[in-house]
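Lettering of chains follows the sequences in order, A, B, ..., and the numbering in each one begins at 1.
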Amino acid sequence: MTEEKYKALNFIEQILEEDLESGKHQGRVHTRFPPEPNGYLHIGHTKAICVNFELAKKYGGKTNLRFDDTNPTTEDTEYVEAIKRDIEWLGFEWNDEPYFASDYFPQLYKFAVKLIEDGNAYVDPSSAEEIAALKGTPTEPGKNSPYRDRPIAENLQLFAEMKEGKHADGAMVLRAKVDMTSPNMHMRDPVIYRIKHAHHHRTGDTWCIYPMYDFAHGQSDSIEEITHSLCSLEFIHHRALYNWFIEKLGIFPSRQIEFARMNVSYMITSKRKLLKLVNDGFVTGWDDPRMPTVSGMRRKGYPASAIRTFCDKVGVAKRDNLIEVELLESCVREDLNAISTRVMVVTDPIKLTITNFDQGTILLPADNNPEDEAAGKREVPFSSEIFIERDDFMIDPPKKYFRLGPDRTVRLKNAFIITCTDYQTDADGNVTEIMATYYPDSKSGSDTSGVKAKGTLHWVDAKESLPIAIHEIGRLFTDPTPASHEDKEITEFFNDESLIINDNARAEPYLASVKYDEHLQFMRKGYYILDENADGLVFNKTVNLKDSWAKKK
RNA sequence: UGAUCCAUGGUGUAAUUGGCAACACAUCGGUUUUUGGUACCGACAUUCUAGGUUCGAGUCCUAGUGGAUCAACCA
């Protein structure tokens, strides 16, 4: 009766299962996540991280974290630390210690020498412009460099001199001798080593020549005996070269498999553009809660589990995609609904006086989370003077308005049912205070009043409530694909309302004691979290609650 | 005027590999509710086009069409 449940496999899982079945690599699955330490991890990286780590986990394999640090002029240890922290926070454990492509520089150098010895590489003193000129175009074949057939001994000599620092930056490069007429541009004698007299964040000044991506990435995969090297679609044209080096060097045959990277609406994933937002002061840093970075999302209150679920739901395929950010937000809400502490916060307070309440201040029990009995209860102070939301009262409300207005009756969450008896306005007709009476026998949990209330309002006690600041975080951009307009800067689409600071909110006393990792639901408003970078009571909005009333209006 | 990859609802992925197009998000409508939240129910597709093979095609073949990618001493 073992009913075999058919579970849909994505195309990479199909490849993995075929390899497992055929006994390739003794049934071993070993992946890697290879970030370059020149920026912070963003939403796009989370997809690559989830795919690499979760696929390996699913098939009993391991995943290496390897820093692709072959360009000393853009990379920094600051980024290494931030990347490690973000991956751990996302909930993944890499195999062993983190690896670094720079640790393989000696080996990579030997690989290059072997290539030269076998007549598969040559030193070219042509300038970058000259090399580009002979490269041809995608539709026209390239032409051989005049230095292409330099004798092996000479190549060896020059390459050694490059390493010894006898030549200036850009004076010459080492090129693989592949095929200048290949329709694949990457096969037209790609540069594999360049001279850079630059300080490397790990190897210091040991080297003044550095391998290019194509001569570092695949070789690192082989050195680590990575079985499946999963990367994004734009590397598809590099695969031929990747395999060419494996063949010429006779090294471990890692297999590169490309999948479509994830694009999310209203977010950008260009590290250059993100850095520009930081440098030009559009945001306060890489971890600004508006940023699509892992650290930004963390500070905004997105749970790691929600991000993982999101990546899982997005799936893995080869076609270009634009995921609606609403799916991410839905995953966040789903998580937060289950775990967040419900609290009452009035974001735009207006005073309401209960004219017939004369018990001073009393404490009322409130559920911390109706979805989770075990979360328990806390007590909320209540007295004759409270604050409610300004937009929960209308002098002349429309038909379907369930809230307060003259002679209307509502329930105060966790407290009593009240009826509005009067209100005051200023010279401009703005409501300044509301008066109401309460039904003593309508107390939450022991309501015997028989009074019907259509709506329920949240509130805070006027005296006991705390002033807090709320940072309403919105979309960073006003356009779903700000980077898709070739003639426009992304900053033209910067959303001026991406951060709205509200210093006027009032919260129940409980908020004075919340921790940085406690997710909160401000009832009827949204999910919030204490800002990990602020000193006082500053709360960042994670995401709104769904609001069918806002839509109706 | 090259090469490579891709094409299923508004969005993203499925379809047990040739057998009733499914799931999620979004949208719209409804039920429940001391959060206009949650939960629950319902609605929402001639599988890019045209031919072909077949009892049968989203799936295979042919030709189109559309999109993406490739010419850094970046990764």
**OP:** Let me have a per-nucleotide readout for nucleotides 70-75 of chain B, 5' to 3', with B, S or -, counting only protein heavy atoms under 4.0 Å.
**Re:** SB-BSB

**OP:** State whether A:Lys546 places a side-chain N or O below 4.0 Å from either non-bridging phosphate oxygen (OP1 or OP2) of B:rU38.
**Re:** yes

Subject >> Six-ring centre of A:Phe100, A:Arg202 cation under 6.0 angstrom, axis tolerance 45° >> reply: yes

Original post:
Taking atom P of B:rU35 as reference, at what distance in whole Å does atom CG of A:Asp372 sit?
Top reply: 17 Å

Original post:
Rounded to the nearest Å, what distance is computed from the CG atom of residue A:Leu9 to the P atom of nucleotide B:rU13?
Top reply: 16 Å

Subject >> d(CG, A:Asp547; P, B:rA26) in whole Å >> reply: 14 Å

Original post:
According to a strict under-4.0 Å criterion, is A:Thr139 in side-chain N/O contact with OP1 or OP2 of B:rA3?
Top reply: no

Original post:
Just one of A:Asp392, A:Asp547, A:Thr456 clears the side-chain hydrogen bond (donor to acceptor under 3.5 Å, both in side chains) bar with A:Arg524, so which one?
Top reply: A:Asp392

Subject >> Short side-chain N/O contact to B:rU34 OP1/OP2 from A:Lys413, under 4.0 Å >> reply: no

Original post:
Taking a pair as Watson-Crick or G-U wobble with both distances under 3.5 Å, which nucleotide is matched to B:rA3?
Top reply: B:rU69

Original post:
If you look at every strand shown and take non-hydrogen atoms under 4.0 Å, does A:Glu326 touch a base, only sugar-phosphate, or nothing?
Top reply: sugar-phosphate

**OP:** Check RNA chain B against residues 441-454 of chain A and give the residues with a non-hydrogen atom under 4.0 Å, in numerical order.
**Re:** A:Lys443, A:Ser444, A:Gly445

Original post:
Just to confirm, is there a sub-4.0 Å distance from OP1 or OP2 of B:rU38 to any side-chain nitrogen or oxygen of A:Arg342?
Top reply: no

**OP:** Answer with base, sugar-phosphate or nothing: what part of the nucleic acid does A:Tyr401 contact at a heavy-atom distance below 4.0 Å?
**Re:** base

Subject >> Sugar-phosphate, base or nothing in reach of A:Leu322, heavy atoms under 4.0 Å >> reply: sugar-phosphate

Original post:
Is the base of B:rU1 touched by the side chain of A:Glu140 through a donor-acceptor pair closer than 3.5 angstrom?
Top reply: no

Subject >> Partner nucleotide of B:rU34 by Watson-Crick or wobble geometry (both distances under 3.5 Å) >> reply: none

Subject >> Whole angstrom value for the distance that separates P of B:rU38 from CZ of A:Arg524 >> reply: 14 Å

Original post:
Below 4.5 Å, heavy atoms only, C-beta onward: do A:Leu108 and A:Tyr193 meet side chain to side chain?
Top reply: yes

Subject >> Separation of B:rU69 C1' from A:Arg239 CZ (nearest whole Å) >> reply: 13 Å

**OP:** Just name whichever nucleotide pairs with B:rC60, Watson-Crick or G-U, keeping both distances under 3.5 Å, else none.
**Re:** B:rG52

Original post:
Is a salt bridge present between A:Asp124 and A:Arg150, judged by a nitrogen-to-oxygen distance below 4.0 Å?
Top reply: no

Original post:
Who does B:rC25 pair with, Watson-Crick or G-U, both distances under 3.5 Å?
Top reply: B:rG10

Subject >> d(NZ, A:Lys318; C1', B:rU13) in whole Å >> reply: 16 Å

**OP:** Flag the pair A:Leu545 / A:Tyr527 as yes when at least one side-chain heavy-atom distance between them is below 4.5 Å, and no otherwise.
**Re:** yes

Original post:
Rounded to whole angstroms, how far apart are CG on A:Leu233 and P on B:rC5?
Top reply: 11 Å

Original post:
Counting only heavy atoms not in A:Arg261, do more than 12 fall under 6.0 Å of its CZ?
Top reply: no

Subject >> N or O in side chain of A:Arg403 less than 4.0 angstrom from B:rG36 OP1/OP2 >> reply: no

**OP:** Grab the CE-P distance between A:Met344 and B:rG37 for me, whole Å please.
**Re:** 18 Å

Original post:
What is the nucleic acid contact for A:Pro370, judged by heavy atoms within less than 4.0 Å: base, sugar-phosphate only, or nothing?
Top reply: base

**OP:** Please confirm whether any donor atom in the side chain of A:Gln521 sits under 3.5 Å from an acceptor in the base of B:rG37, or the reverse.
**Re:** no

Original post:
Which residue pairs pass the side chain to side chain donor-acceptor pair (under 3.5 Å) test with at least one member in residues 326-345 of chain A, sequence neighbours excluded?
Top reply: A:Ser305-A:Asp335, A:Glu329-A:Arg475, A:Asn337-A:Arg342, A:Ser340-A:Arg342, A:Thr341-A:Glu518, A:Arg342-A:Asn369

Original post:
What nucleic acid atoms does A:Glu258 come within less than 4.0 Å of, heavy atoms only: base, sugar-phosphate, or nothing?
Top reply: nothing

Original post:
In the strands shown, is B:rA45 matched to any nucleotide by a Watson-Crick or G-U wobble pair with both distances under 3.5 Å, and which?
Top reply: none

Original post:
Just by modelled atom types, is the A:Lys135 backbone N or O under 3.5 Å from a matching donor or acceptor in the A:Arg188 side chain?
Top reply: yes

**OP:** State whether the distance check finds a donor on one side and an acceptor on the other, under 3.5 Å, for side chain A:Glu371 versus base B:rG37.
**Re:** yes

**OP:** Before accepting this row, confirm whether a basic side-chain N of the pair A:Glu13/A:Lys58 lies closer than 4.0 Å to the acidic partner's carboxylate O.
**Re:** yes

Subject >> Donor-acceptor contact present, side-chain A:Ser102 to main-chain A:Asp69, <3.5 Å >> reply: no

